[in-house]
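First the structure, in the form of structure tokens, and then the observations on it.
Labels below follow one simple rule: chain letters A, B, ... track the order of the sequence lines, proteins then strands, and each chain is numbered from 1. Keep in mind that what you see is a predicted model, and the values were worked out from it rather than measured.
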Amino acid sequence: MTERFDAAVIGSGVGGLAAAALLAKSGLRTVLCERGESVVGSSGLAAFRALDPQIVKALRLSRRGLKFAQRDLALSFIRNGGQPLALGRDRHAVARALAGLSQADAAAFVVFRREVFALSKALRPAWWDGASLDETASGLKAAQRKQLSRLAVTSAAAWLSEHFESDALKAALAFDAATRGFAPGEPGSALALLWSSAQEMCGLQGAVAIPRGGQSGVLQALAQAAQKHGVELRSSATVASLAAIGNTVSGLELASGEQIEATAVVSALSRRVTLGSLAPTALIGIAAARALMAETPHVGAASLIMGLNRSPEFGGAASLGDKRIVIAEKLETYEVALSAARLGRMPQEPAIELVLPPAEKSAQQLASRLQLHVRAWPVPLGDGFDRDLLVRAVTTLIERHVPGFGGGVASCDALTLDALTPSIARLSASAEARIATPIRGLFVCGSDAEPADAVSGRAARQAAHAAIAWLRRGGQG
Amino acid sequence: MICATPFHARTAERNRANRWAMRNRFTVASDFGDAAAEAMAARMRVVVSDISWRWRMQLEGARVRDLAQRLFTRDPGTLQPGTSAKALWLSDGGGVRGAGLIARIDMQAFQLVSACEDARWIADAAALFGVEARDVTEDAGGLALIGPYAARLIATLGFDPALEPLAFRTFTWRGLDITLSRFGEHNGYELWCKADDALLLWDRVEKAGMPFALTAAGAEAMDILDIESGVPRPVRDYDGASSPNSAEPLAAELRLSSLIDAEHISFNGRPALLAARPGRKLVGIVFEGDVPSAFAAILAGETQIGRTLSAVYSHALRRAIALAQVDEDKAHAGAAVHVVPPAARNPCPPLAARIVDLPFLAPPDPIET
């Protein structure tokens with residue numbers, strides 16, 4: 001049986017649902033095929049850093065139930081068992097707090113944040129609108145252009161060390177590069193920090209926000225938008241392969257044998273899976289296929305939800321509240337952990353970030369109402385990963401600052417592993433380069449089509465626009 | 001790394017002028033005194049030439065057929081063990097990376113034989129299919145027997161010369177493991193043996209060849225035969241596509257389109273190849289004088305329309321000849337042109353020449369036994 005659509009989307013998630021909704025909104029008959037039992041899933045991220053504001057606006061997600069429980073989690077770190085030191089939005093308040101740690105760092109922070117925010121905002125045309133970094137750089141002021149070209153080859157660690165002396169502060173600030181998969185000591189990883197600072201949540205630059213319902217809340221809103229615009233959402237619909245005529249995509253074949261004809265296909269799966277497993281092998285060149293295989297990530301990040309009986313108190317203070325706490329003693333912590341992960345061993349001390357979303361009533365809530373979301377980097381992927389070791393390492397790390405923490409843990413659930421494929425080239429490439437494929441009419445919008453690994457939906461927006469343009473050209477050119 | 005072929009001890013003895021050429025990573029005798037005479041001997045009698053330098057890659061595995069279908073411009077999947085086919089392999093962009101012969105060893109093994117090495121590319125492709133790719137070039141020695149009396153020499157050695165073109169047979173011959181093949185070396189035969197047995201093979205062939213005035217032929221004589229046959233060789237005449245997305249050189253511009261099967265739809269680079277528009281054609285150039293000029297500009301009037309590739313004086317034709325690539329719309333047989341030799345210390349005036357179709361000469365046919 002063959003059905004005919006204008007566009008087909010493979011995979012749901014933020015990217016798939018956003019792409020499908022935008023395609024249908026433009027008037028295209030669109031189907032979304034998700035292999036899972038539900039297009040909205042049941043768990044995932046609590047904190048969002050980079051949800052595309054243009055998608056939120058275009059799909060009116062606020063009217064479709066997207067609300068935020070926390071709008072601006074302050075990056076925080078702990079020193080010597082004391083209270084978390086929060087790097088909030090009020091930079092002068094931060095400076096006063098940092099003065100107890102280091103007068104020099106307190107003075108430097110104000111300047112650093114201002115410069116970082118200014119430069120990263122100036123780079124939004126690259127990371128938001130799809131231009132390449134080189135094209136965007138040509139429009140910068142000379143001083144910013146010079147700084148950018150330097151940072152493009154500078155490690156986050158070196159850059160932070162130029163400004164700050166406190167190990168704990170540097171390690172905390174470096175975390176946002178690490179969760180994009182970049183080792184803070186890696187040349188060019190300073191760009192990853194800039195990218196993080198360029199993002200916006202709830203209208204606030206560099207903010208990290210918690211949607212009500214976490215990722216599920218975002219997905220529900222996107223699914224509503226998709227349905228409102230007429231997307232045919234299909235769950236339990238595994239795509240087995242892509243169909244093509246010559247080197248132009250012509251549709252999908254599902255594992256059930258059903259054929260779906262479509263002039264444009266947008267895949268929310270990774271480029272490696274889309275081209276390596278689904279696309280006809282003859283259309284992907286040998287060199288391209290080898291390059292895809294070489295991208296197989298061996299190190300990633302783990303997200304874990306710990307159900308707690310009581311709220312952890314750092315430094316004797318109340319719960320995490322409006323903070324995200326990074327536990328990484330110093331920059332070397334990342335390098336030591338990465339060395340272990342690259343050898344396929346669980347690091348004894350990964351860098352971790354703790355977020356405690358406000359307790360919510362939810363039909364899908366876990367046994368405990370308090371859920372501590374933990375993000376740990378780096379962890380080995382594949383056979384080297386050991387869930388129990390990870391839980392033990394996380395618990396040990398937290399217990400250093402919260403004695404007796406382990407006793408308050410009721411459950412450890414919802415573990416997900418994210419394969420990260422950090423690439424300086426991707427950070428610098430145009431949107432077209434990231435979403436286009438060798439197969440005409442096929443576009444990708446997984447997290448590896450973003451400039452940096454992140455759940456954003458921006459690549460989905462760009463892929464949807466490219467697919468719409470392709471369809472308006474009659475599927476040619 | 002520079003290697004000697006397994007026959008080096010014998011070829012070195014006969015290479016009294018000590019002239020050597022590099023072929024792939026091997027040193028081979030450039031000639032054994034007179035390349036022109038050696039080439040003529042290949043047309044009049046029979047010659048033996050050391051072809052051990054030909055790069056050979058063994059491909060083995062359960063999915064070797066899938067690999068071969070993906071790699072090569074002709075589908076070797078239907079070949080039976082003991083037969084072979086000539087084909088190209090292309091870059092992702094449709095440019096010719098290499099040309100060679102794919103021999104089916106058994107149902108899970110092929111051997112690729114080529115004048116140019118491309119080990120990394122083949123190995124990368126093999127890895128996609130879980131196929132083992134092993135360079136076996138140094139494991140064996142090979143001799144080509146070329147000429148009208150090649151079949152009789154083969155029979156004198158004790159082999160049955162009745163072997164179809166592109167076929168091969170492996171057997172034990174007087175204690176040696178030998179493969180007899182007809183892989184297309186100028187319509188002759190090839191004998192392959194283990195590297196350790198090479199000198200023994202050479203001695204036996206030389207002894208059996210005496211009644212036929214068997215002559216050793218070096219690399220230069222083989223080049224003369226190639227050019228007379230209209231066969232371009234990688235490295236000598238063109239650079240294979242070196243980067244993954246190279247769209248050049250085009251098979252059609254090297255007269256290699258016959259090695260592409262239009263019905264075979266899954267080979268690498270096919271989409272790009274189909275989209276390409278060749279603008280040049282491989283032709284022959286015959287010079288009015290006796291002096292050939294290689295890699296020189298070809299002019300029609302004042303306009304450059306192409307350039308020569310390899311060039312030699314052919315004693316068989318008694319003409320200076322060259323392979324050449326010429327703009328397709330100007331490549332008319334019989335058209336008069338001028339060839340401007342590359343700038344040199346003593347510049348020459350343009351050489352008068354004309355375009356001819358290829359080949360200049362057909363390979364010599366073996367005399368029946």
Side-chain angles (χ1 to χ4, degrees), chain A residues 240-251 253 263-265 270-298 382 423 425-426 429-430 432-444 470 473-477, chain B residues 57 59 63-75 77 87-98 112 118-131 133 240-248 260-276:
Chain A
S241 63
L242 291 167
I245 297 174
N247 68 332
T248 303
V249 77
S250 61
E253 179 168 337
T263 308
V265 174
S270 69
R271 176 178 287 269
R272 192 165 57 84
V273 170
T274 304
L275 297 182
S277 302
L278 300 184
T281 51
L283 297 184
I284 309 302
I286 287 171
R290 281 297 289 167
L292 285 174
M293 277 186 63
E295 285 176 7
T296 306
H298 301 288
S423 162
R426 246 169 65 206
S430 66
E432 187 183 348
R434 286 184 273 107
I435 63 168
T437 70
I439 302 175
R440 286 144 52 96
L442 173 67
F443 307 92
V444 289
W470 164 257
R473 292 195 299 270
Q476 315 232 347
Chain B
M57 196 92 162
L59 306 170
R63 294 190 65 200
V64 72
R65 181 178 172 169
D66 293 337
L67 166 66
Q69 287 176 329
R70 178 76 184 281
L71 256 181
F72 302 116
T73 55
R74 296 168 86 185
D75 182 1
L88 308 173
W89 62 96
L90 311 182
S91 70
D92 291 7
V96 175
R97 283 193 71 95
L112 172 63
D118 199 8
R120 181 63 190 268
W121 178 269
I122 302 294
D124 281 352
L128 294 174
F129 295 87
V131 168
S242 54
S243 72
N245 294 307
S246 292
E248 292 190 342
I260 298 173
D261 180 357
E263 304 296 316
H264 179 38
I265 63 171
S266 60
F267 64 83
N268 194 64
R270 184 174 184 270
L273 180 71
L274 292 177

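For Ile265(B), the part lying under 4.5 angstrom from a heavy atom of chain A is the backbone only. Interface residue Asn268(B): only side-chain heavy atoms are found under 4.5 Å from chain A.
Between Gly285(A) and Arg70(B), the closest heavy-atom pair is C-NH2, 3.6 Å.
Proximity of a side-chain donor or acceptor of Asp92(B) to a complementary backbone N or O of Ile286(A) within less than 3.5 Å is detected.
The side chain to side chain contact (heavy atoms under 4.5 Å, CB included) with Pro271(B) is formed by just one residue from the set Asn247(A), Ile439(A), Thr248(A); it is Asn247(A).
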